[in-house]
Amino acid sequence: PPPSLAPAAPAFPGKPTLAMVVGGAVALALGVSIPKEESGRTVRATLAPTGELQIQHISGKQYLAAYLDVVGVATACDGLTSYRGRKITIRDRFTEAQCAAMLEEELVTHAQGVMGCTPGLALSPDPKVELQRQGPRFAAVSLAYNVGVRRFCTSTARARFNAGNYAGGCDALTWFNKAGGRVLPGLVARRGREAKVCRNGLGALS
């Protein structure tokens, strides 16, 4: 790809990190879960001293070359269909380092959008409140990464989270189970896993 498309290394000096936006526990959970959901690969996620998410590939295929997803959209890395406003094309190729950097940058972008429209999931200095919000925050960002910030921010799930109805918001996540106009078993399963974490917290990732 042209140099303007993908960064050469996973570093974001002077920019917000995922941990800054959603908290360290949620950032680590997203760093592990999103690759598994989007590309099927297993990774180990850690936070660097500077706060960036570090991804180590463990197993599974890495989609360094773009492919067409189930509805014919060009996709690469961990479910990326666009990057910095440019659509992925079937001709695009990336390195492992580029994919890792793009993953965090896109997660930061989606997380900022989610947090901007969902003050009901804001980071809290109260440990009890923060613990209660971590699962819904994870699920909201995971959903937005898959369906887009705009769809999440106009959803019933977002409205319920802002009203403090976390259980109802978790239920509403499961409604996003269609692609190409049809219900897909993979999306039903994914929404079910997100809803489980949403209700039970970050210990429910498995």
Trainee: Closest approach of Ser155 and Phe176, non-hydrogen atoms and distance?
Mentor: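 So the minimum-distance heavy-atom pair works out to CB-CZ, 3.7 Å.
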Trainee: Any ion pair linking Arg160 and Asp171 (charged N to carboxylate O, less than 4.0 Å)?
Mentor: no
Trainee: Under 4.0 Å between a side-chain nitrogen and a carboxylate oxygen: does that hold for Glu38 and Arg190?
Mentor: yes
Trainee: Are Leu187 and Leu80 co-members of a hydrophobic cluster defined by side-chain heavy atoms under 4.5 Å apart?
Mentor: no
Trainee: Quick check: is Val149 connected to Val141 through a chain of hydrophobic side chains (ILVMFWY, heavy atoms under 4.5 Å apart)?
Mentor: no
Trainee: State whether the side chain of Asn200 and the backbone N or O of Ala204 hold a donor-acceptor pair below 3.5 Å, judged by distance alone.
Mentor: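 No, the answer is negative, given that no donor and acceptor are paired below the 3.5 Å cut-off.
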Trainee: With no hydrogens and no angle check, is any side-chain donor or acceptor of Glu104 less than 3.5 Å from a backbone partner on Leu53?
Mentor: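 Checked: pair present.
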Trainee: Step by step, would you call Ile55 with Arg41 a side chain to side chain contact (heavy atoms under 4.5 Å, CB included)?
Mentor: CA-CA 11 Å; Ile55 300 293; Arg41 70 188 183 108; 4.0 Å; yes
Trainee: Any carboxylate oxygen within less than 4.0 angstrom of a Lys/Arg side-chain nitrogen, looking at Lys87 and Asp92?
Mentor: no
Trainee: Is a side-chain donor-acceptor pair under 3.5 Å present for Thr118 with Asn162?
Mentor: no
Trainee: Quick one: CG on Leu103 to SG on Cys77, what's the gap to the nearest 0.5 Å?
Mentor: 8.5 Å
Trainee: For Pro136 and Cys198, which heavy atoms make the closest approach, and how far apart are they?
Mentor: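 Scanning both residues completely, I find the closest heavy atoms to be CD-O, 3.4 Å.
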Trainee: Side-chain contact, heavy-atom cut-off 4.5 Å: Phe152 with Val114?
Mentor: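 In contact.
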Trainee: Following the transitive rule for hydrophobic clusters with a side-chain heavy-atom cut-off under 4.5 Å over Ile, Leu, Val, Met, Phe, Trp and Tyr, establish whether Leu47 and Val21 coincide in one cluster.
Mentor: yes
Trainee: Would you say Ser33's side chain and Ala29's backbone share a donor-acceptor pair under 3.5 angstrom?
Mentor: no
Trainee: State, yes or no, whether a side-chain contact exists between Asn177 and Leu184 at a heavy-atom distance under 4.5 Å.
Mentor: no
Trainee: Looking at Ala45 and Val32, what are the two nearest heavy atoms and their distance?
Mentor: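 Residues Ala45 and Val32, closest heavy atoms: CB-CG2, 3.7 Å.
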Trainee: If we only count heavy atoms from C-beta on, is the Val183 to Val188 side-chain gap below 4.5 Å?
Mentor: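 Of all side-chain heavy-atom pairs linking Val188 with Val183, at least one is under 4.5 Å.
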Trainee: If you take all heavy atoms of Leu121 and Ala140, which pair is closest and at what distance?
Mentor: CD1-CB, 3.9 Å
Trainee: If you compare all heavy atoms of Ala25 against all heavy atoms of Gln134, which two are closest, and at what distance to 0.1 Å?
Mentor: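 Minimum heavy-atom contact is CB-NE2, 4.0 Å.
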Trainee: For the pair Glu106 and Arg84, find out whether any cationic side-chain nitrogen is under 4.0 Å from an anionic carboxylate oxygen.
Mentor: no
Trainee: Nearest 0.5 Å please: distance from the OG1 atom of Thr154 over to the CZ atom of Arg150.
Mentor: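 With rounding to 0.5 Å, OG1 (Thr154) is 8.5 Å from CZ (Arg150).
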Trainee: For Arg133 and Tyr166, test the side chains for any donor-to-acceptor distance below 3.5 angstrom and give the result as yes or no.
Mentor: yes
Trainee: Quick one: CD on Gln98 to OH on Tyr83, what's the gap to the nearest 0.5 Å?
Mentor: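 Result: 9.0 Å between the selected atoms.
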Trainee: Evaluate Phe138 against Leu202 for side chain to side chain contact (heavy atoms under 4.5 Å, CB included), listing each step before the verdict.
Mentor: CA-CA 8 Å; Phe138 162 90; Leu202 300 180; 3.8 Å; yes
Trainee: Start with the C-alpha distance between Gln62 and Cys99, add both sets of side-chain angles, then the distance that settles side chain to side chain contact (heavy atoms under 4.5 Å, CB included), and finish with yes or no.
Mentor: CA-CA 9 Å; Gln62 294 182 280; Cys99 281; over 6 Å; no
Trainee: Linking I/L/V/M/F/W/Y whenever their side-chain heavy atoms sit closer than 4.5 Å, directly or via other members, would Met20 and Val108 fall into one cluster?
Mentor: no
Trainee: Rounded to the nearest 0.5 Å, how far apart are CZ of Arg151 and CG of Asn146?
Mentor: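 Taking CZ in Arg151 and CG in Asn146, the distance rounds to 8.5 Å.
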Trainee: How long is the span from the CZ atom in Arg193 to the NZ atom in Lys36, to the nearest 0.5 Å?
Mentor: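 Taking CZ in Arg193 and NZ in Lys36, the distance rounds to 9.5 Å.
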Trainee: To the nearest 0.5 Å, tell me how far Cys170 SG sits from Phe161 CZ.
Mentor: 4.5 Å
Trainee: Check whether any side-chain heavy atom of Leu30 sits under 4.5 Å from a side-chain heavy atom of Ser142, and report yes or no.
Mentor: yes
Trainee: Answer yes or no: is there a side-chain heavy-atom contact under 4.5 Å between Trp175 and Arg191?
Mentor: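 Counting from C-beta outward, Trp175 and Arg191 never come under 4.5 Å.
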Trainee: Search all heavy atoms of Ile88 against all heavy atoms of Ala76 and return the closest pair with its distance.
Mentor: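 That would be CG2-CB, 4.1 Å.
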Trainee: Does the distance from a Lys or Arg side-chain N to an Asp or Glu carboxylate O, for Glu130 and Arg137, drop under 4.0 Å?
Mentor: yes
Trainee: With side chains defined as the heavy atoms from C-beta onward, is the minimum distance between Cys117 and Arg158 less than 4.5 Å?
Mentor: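 Cys117 vs Arg158: side chains touch.
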Trainee: Hey, is the main chain of Val73 close enough, under 3.5 Å, to the side chain of Thr75 for a donor-acceptor pair?
Mentor: yes
Trainee: Run the side chain to side chain contact (heavy atoms under 4.5 Å, CB included) test on Glu37 and Tyr145 for me, step by step, so that the C-alpha distance in whole Å, both residues' side-chain angles and the decisive distance to 0.1 Å come before the verdict.
Mentor: CA-CA 11 Å; Glu37 294 287 9; Tyr145 185 89; over 6 Å; no
Trainee: Same hydrophobic cluster for Met102 and Leu107, using side-chain heavy-atom links shorter than 4.5 Å among ILVMFWY?
Mentor: yes
